[in-house]
Amino acid sequence: MSEEAPEIDRFLALVAAAQGRDNRLTPIQAGLLVAAELGIAHNSRAFARMLGIAHSLVLRELNGLAERERVLQIVKRDLRTMRVHYTLPPWDEA
């Protein structure tokens, strides 16, 4: 069995859990949030490459998440490569 299999299983379990907490999240959106939380990917192109999906699809899902308040923050857009850097917003303790 591959050493990557437990990490993949963990990632998928966390994606499913994120969707369970917020049923408005698509699988890709939940994956973007989990990847940011785990420090796996903080830009759209790295995430697309990691999952082997089209960058344009990731951009569409990322923009949908960014439109929702306090879910995800876009920190930088590279117009040449279309890469979008993102982060999770800081938690409010109030």
Side-chain angles (χ1 to χ4, degrees):
M1 181 178 258
S2 169
E3 289 182 25
E4 290 183 12
E7 289 299 315
I8 292 169
D9 291 343
R10 178 176 179 246
F11 179 78
L12 293 175
L14 291 170
V15 168
Q19 284 188 283
R21 289 188 302 274
D22 184 347
N23 63 2
R24 296 177 295 171
L25 292 175
T26 68
I28 292 174
Q29 289 174 339
L32 285 160
L33 295 174
V34 170
E37 186 176 328
L38 296 177
I40 296 170
H42 289 285
N43 73 73
S44 58
R45 203 163 287 280
F47 183 81
R49 199 175 17 234
M50 181 180 79
L51 292 181
I53 57 178
H55 185 231
S56 59
L57 181 58
V58 173
L59 288 174
R60 183 173 56 220
E61 297 291 332
L62 185 59
N63 286 324
L65 266 180
E67 290 175 1
R68 292 179 52 191
E69 190 173 329
R70 300 165 55 145
V71 175
L72 181 127
Q73 293 177 327
I74 303 293
V75 294
K76 179 182 169 187
R77 293 181 187 269
D78 185 328
L79 297 177
R80 186 180 62 80
T81 64
M82 300 296 294
R83 186 179 311 240
V84 175
H85 297 262
Y86 61 93
T87 187
L88 297 176
W91 286 94
D92 288 339
E93 297 293 327

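Just so you know, residue 1 is the first one in the sequence shown, and it goes up from there.
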Subject >> Nearest-0.5 Å distance that lies between atom CD in Gln73 and atom OH in Tyr86 >> reply: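 Answer rounded to 0.5 Å: 13.5 Å.
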
Original post:
Going from CG on Asn43 to CD1 on Ile74, what distance comes out if it is rounded to the nearest 0.5 angstrom?
Top reply: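 The CG atom of Asn43 sits 11.0 Å away from the CD1 atom of Ile74.
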
Original post:
Side chain of Gln19, backbone of Leu25: donor and acceptor closer than 3.5 Å?
Top reply: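 At least one qualifying donor-acceptor pair exists.
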
Show the atom names and distances, to 0.1 Å, of all donor-acceptor pairs under 3.5 Å that link a side chain in residues 27-41 to residues at least two apart or in another chain.
| unit_1 | atom_1 | unit_2 | atom_2 | d |
| --- | --- | --- | --- | --- |
| Gln29 | OE1 | Thr26 | N | 3.1 |
| Gln29 | NE2 | Glu61 | O | 3.4 |
| Gln29 | NE2 | Glu61 | OE1 | 3.4 |

Original post:
Could you walk me through whether Leu51 and Phe11 pass the side chain to side chain contact (heavy atoms under 4.5 Å, CB included) check?
Top reply: CA-CA 11 Å; Leu51 292 181; Phe11 179 78; 4.3 Å; yes

**OP:** Using the test side-chain hydrogen bond (donor to acceptor under 3.5 Å, both in side chains), find all partners of His55 that sit at least two apart in sequence or belong to another chain.
**Re:**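 Partners of His55 under the side-chain hydrogen bond (donor to acceptor under 3.5 Å, both in side chains) test: Ser44, Arg45.
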
**OP:** With sequence neighbours left out, write down each residue that passes side-chain hydrogen bond (donor to acceptor under 3.5 Å, both in side chains) with Arg60, or none if nothing qualifies.
**Re:**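 Testing Arg60 for side-chain hydrogen bond (donor to acceptor under 3.5 Å, both in side chains), a comparison that skips the adjacent residues, returns none.
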
**OP:** With sequence neighbours excluded, tell me which residues meet side chain to side chain contact (heavy atoms under 4.5 Å, CB included) with Ser56.
**Re:**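 Checked Ser56 against side chain to side chain contact (heavy atoms under 4.5 Å, CB included); matches are Ala54.
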
Subject >> In one Ile/Leu/Val/Met/Phe/Trp/Tyr side-chain cluster, 4.5 Å: Val75, Val71 >> reply: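 Each belongs to a different hydrophobic cluster.
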
**OP:** Flag the pair Val58 / Val84 as yes when at least one side-chain heavy-atom distance between them is below 4.5 Å, and no otherwise.
**Re:**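 When only atoms from C-beta onward are counted, Val84 and Val58 do not touch, as no gap falls below 4.5 Å.
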
**OP:** Output every pair passing salt bridge (Lys or Arg N to Asp or Glu O under 4.0 Å) with a member in residues 16-34, not counting sequence neighbours, ordered by first then second residue.
**Re:**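 For residues 16-34, and leaving out neighbouring residues, the salt bridge (Lys or Arg N to Asp or Glu O under 4.0 Å) pairs sorted by first residue read Asp22-Arg24, Asp22-Arg68.
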
**OP:** May I have all residue pairs that pass salt bridge (Lys or Arg N to Asp or Glu O under 4.0 Å) and include part of residues 72-84, sequence neighbours excluded?
**Re:**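 Non-adjacent pairs meeting salt bridge (Lys or Arg N to Asp or Glu O under 4.0 Å): zero.
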
**OP:** Give a yes or no on this: more than 12 heavy atoms of other residues, nucleotides or ligands lie within 6.0 Å of atom CE of Met82.
**Re:**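 12 or below, so no.
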
